[in-house]
Amino acid sequence: MIGPMKRLLRSRGARKLGRDRLALASMFVIGAYLAIAIAVGVFGLISGEEAIFRIGPDQLVGAWGKPTVEQRMHYLEFYVDQVDQAFDKREPEKALAAIDFFGLRTVSTDEDVMAEKLETIFDPFDELYELQEEEGFADDPENFARLEKLEVDIAAMFQQPEGWERRYRDIGLLLGTDRQGRSILLRAVYAIKVAVQIGLVAALVSVLIGTILGGVAAFFGGWVDHVIVWLYSTLSAIPYIILLMVLAAMFLGSPFEGTLIPVYVAFCMTFWIGPCRVVRGEVMKLRELEYVQAATAVGFGRTRILLKHIIPNTTHLMFINFSLIFIGAIKAEVILSFLGLGVKNEPSWGVMINQSRQEVIAGFMWQIGAATFFMFTLVLAFNILSDALQDAFDPKHV
Amino acid sequence: MSAPLIEVTGLTKWFPVRRGVLQRKVGDVKAVDGVSFHVDRDETLSLVGESGCGKTTAARALLRLVEPTAGRAIYRPSEDAEVDLFGLGARALRRWRRDLQIVFQDPFESLNPRMSVGQIVGEPLRVHGVCARDEIDARVEQLLERVGLRADVRNRYPHEFSGGQRQRIGIARALALEPKFVVCDEAVSALDVSIQAQILNLLGDLRRDFGLSFLFIAHDLSVVKYISDRIAVMYLGRIVETGTREDVFERAAHPYTRALLSAVPVPDPKRKKDRIILQGDVPSPLQPPSGCHFRTRCPLAEARCAETYPETVRLSATHSAACHLLP
């Protein structure tokens with residue numbers, strides 16, 4: 001294993017890749033995504049729950065966004081409601097203690113203290129709430145001053161967390177919150193793990209299946225070839241997104257529903273076709289080459305020839321197909337999740353885009369923007385890299 | 001006279017031609033059409049002819065790198081043992097392959113680019129269990145030195161070598177199993193003339209040292225003259241003339257052989273050449289001409305040549321040719 005690796009690193013292709021700055025940048029981006037995916041998936045940087053929990057008011061704009069007056073009123077209403085609702089519960093003190101948005105808690109959990117604070121806010125808040133309906137509300141500097149004072153008062157009911165908790169909450173709010181008040185950034189970052197997981201599994205399994213079937217089909221020929229070609233021709237005659245939908249729908253009600261298994265199965269069943277075709281063509285060419293004939297003449301078995309002399313010479317195709325399928329699977333996951341057939345119970349970019357439909361109508365772009373940006377960056381980096389890989393390792397390219 | 005090492009009778013390889021949606025068979029390319037020859041022990045037989053005359057296919061069919069359509073090939077590992085090469089099953093064939101090796105034309109395509117030289121030459125030893133595992137490296141080095149390479153090249157990869165060096169590696173691989181019979185399929189055609197001479201001398205030395213027999217496939221008659229004991233001339237899938245080197249070069253009987261010989265460049269500007277220029281192209285092996293295949297281009301063709309394929313005429317103990325015009 002070490003010999004070929006060293007040879008690969010010293011090869012002309014690797015040197016060529018090393019000179020391609022765009023390729024290096026895209027490798028860096030992909031590396032960062034992989035690191036995050038590992039940090040999330042293996043070391044639990046963000047737990048699934050953190051990505052599901054409320055961090056603040058819904059549709060909070062991101063750190064460098066400027067909320068409109070209506071949005072600011074909406075946020076205030078949320079905080080007032082939270083405290084107010086606690087008093088409707090049978091044990092208000094417990095309810096008050098339960099208020100915790102990533103470390104943001106009420107100043108006190110004492111019923112009387114909070115009731116007093118709430119009392120002073122109610123009237124100005126209601127007044128302002130009524131005024132909001134009137135025309136020219138936002139232009140009146142007097143109203144503006146009242147809004148700002150109210151914001152300070154309401155903020156005083158809560159205490160900001162300290163230290164790393166504070167920092168974590170600030171990061172969580174960087175890209176705002178979705179309709180359920182969940183951190184968009186944390187969800188989008190958590191979705192990296194989901195995307196990489198799906199991309200890796202789909203790409204590894206499909207390239208493996210495709211290479212083996214393609215190699216076997218071309219090398220042994222005859223009826224084996226006919227069966228495999230028939231199989232992938234049939235599969236590829238079905239519009240692939242429909243096949244994915246049917247496969248995903250087949251798993252509804254099965255024990256695997258809600259897991260990623262249906263997605264994996266659907267992807268692996270469709271994506272192996274690409275590498276299978278390409279590898280079949282390449283093996284047909286390699287099979288006739290003289291070193292393969294030499295191996296036959298020396299008296300090697302056919303399996304040995306296939307595994308030692310032919311398959312290793314298709315590795316460049318495996319690399320390229322791997323990166324193509326990796327992004328293909330990520331994009332397909334987004335489409336499936338958008339249609340509600342993909343990822344369940346976990347945030348993914350497709351789920352986020354699906355959920356942001358109503359936000360977009362309301363003019364709130366943070367969620368769809370974040371999901372699209374994260375996906376776009378990864379897909380773009382992979383596209384650039386696979387182009388560069390093709391250029392660098394294709395023996396016909398000088 | 002002892003029995004020949006290799007005896008081929010009526011070797012035929014037809015490639016079916018399929019056309020249309022239903023892949024209906026519309027005919028056969030008769031690449032090799034009933035070829036018979038033999039190779040004695042310690043002898044080099046050359047198979048010569050134009051490109052596309054079926055000489056490579058004949059050799060590959062003999063080694064069953066392509067499955068022959070018909071014919072019989074006997075290999076005699078010793079005086080009184082006979083192996084029917086075309087009758088062997090895959091497993092039995094693999095055992096006998098040790099004795100019958102091939103050196104290929106294109107040194108750039110005949111070595112697996114992903115294996116080191118040591119692996120390429122050592123793999124046959126390992127697979128056939130020729131020597132103990134810890135002796136393989138030593139044996140590989142010995143082989144590499146024998147073909148004129150340094151022993152330390154075994155950790156390098158084929159792309160680091162020149163064409164001539166690669167051909168030496170190919171020869172080392174063929175010799176690894178200590179074969180008795182080696183097919184050289186245009187083994188020097190892809191090399192520069194100076195390198196050709198080196199490789200030809202190497203092959204000659206090896207033949208002497210290991211007691212090899214060669215089937216040498218070539219289209220360059222000066223190379224053939226240099227290396228052969230006997231020569232078989234092929235035209236369009238059939239052998240038209242066989243004989244010793246002297247028979248063919250001094251007393252060529254078949255018009256095609258004469259035309260070939262007249263095309264050999266002679267490095268003497270004063271000598272007046274009477275070249276026989278052949279008209280037209282080689283006919284398609286899908287639909288060979290009736291009667292003698294060569295009649296369409298033969299300067300001496302007569303009416304009877306279009307009717308039947310000529311019988312092979314024995315001109316001497318070693319020399320025979322297939323032509324109606326021969327007595």
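So you know, we letter chains A, B, ... as the sequences are listed, proteins then strands, and number each from 1.
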Legend entry - Nearest-0.5 Å distance, CG of residue Leu289(A) to CG of residue Leu111(B):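 Leu289(A) atom CG to Leu111(B) atom CG measures 11.5 Å (nearest 0.5 Å).
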Inset, instruction - Hey, could you give me the CZ/OG1 distance between Arg114(B) and Thr314(A), rounded to the nearest 0.5 Å? - result: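 Answer rounded to 0.5 Å: 8.0 Å.
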Legend entry - Over 12 foreign heavy atoms within 6.0 Å of CZ, Phe376(A):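 Not more than 12 within 6.0 Å, no.
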Legend entry - Side chain proximity check, Val127(B) to Arg304(A), heavy atoms < 4.5 angstrom: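 The answer is yes, as the side chains (C-beta and beyond) meet within the 4.5 Å cut-off.
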Legend entry - Validation row: His309(A), Met115(B) side chains within 4.5 angstrom (heavy atoms):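 A side-chain contact exists here, since the closest heavy-atom pair is under 4.5 Å.
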Restricting to non-hydrogen atoms, name the atom on [X] and the atom on [Y] that form the minimum distance, rounded to 0.1 Å.
| X | Y | value |
| --- | --- | --- |
| Pro113(B) | Tyr291(A) | CD-CE2, 3.6 Å |
| Leu65(B) | Ala297(A) | CD2-N, 3.7 Å |
| Ser110(B) | Ala294(A) | O-CB, 4.4 Å |

Legend entry - Contacts of Arg72(B) that satisfy side chain to side chain donor-acceptor pair (under 3.5 Å) - sequence neighbours left out: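 With neighbours one apart ignored, the set is empty.
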Legend entry - Proximity of residues 87-109 of chain B to chain A, residues having a non-hydrogen atom under 4.5 angstrom: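 Near chain A, by residue number: Arg94(B), Arg97(B), Leu100(B), Gln101(B), Ile102(B), Phe104(B), Gln105(B), Asp106(B), Glu109(B).
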Inset, instruction - Write out, in numerical order, the residues from residues 171-191 of chain B with a heavy atom short of 4.5 Å from a heavy atom in chain A. - result: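 Those residues of residues 171-191 of chain B which have a heavy atom under 4.5 Å from chain A are Arg173(B), Leu177(B).
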Legend entry - chain B contact residues among residues 216-228 of chain A, heavy-atom distance under 4.5 Å: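 Against chain B, none of the residues of residues 216-228 of chain A fall inside the cut-off of heavy atoms under 4.5 Å.
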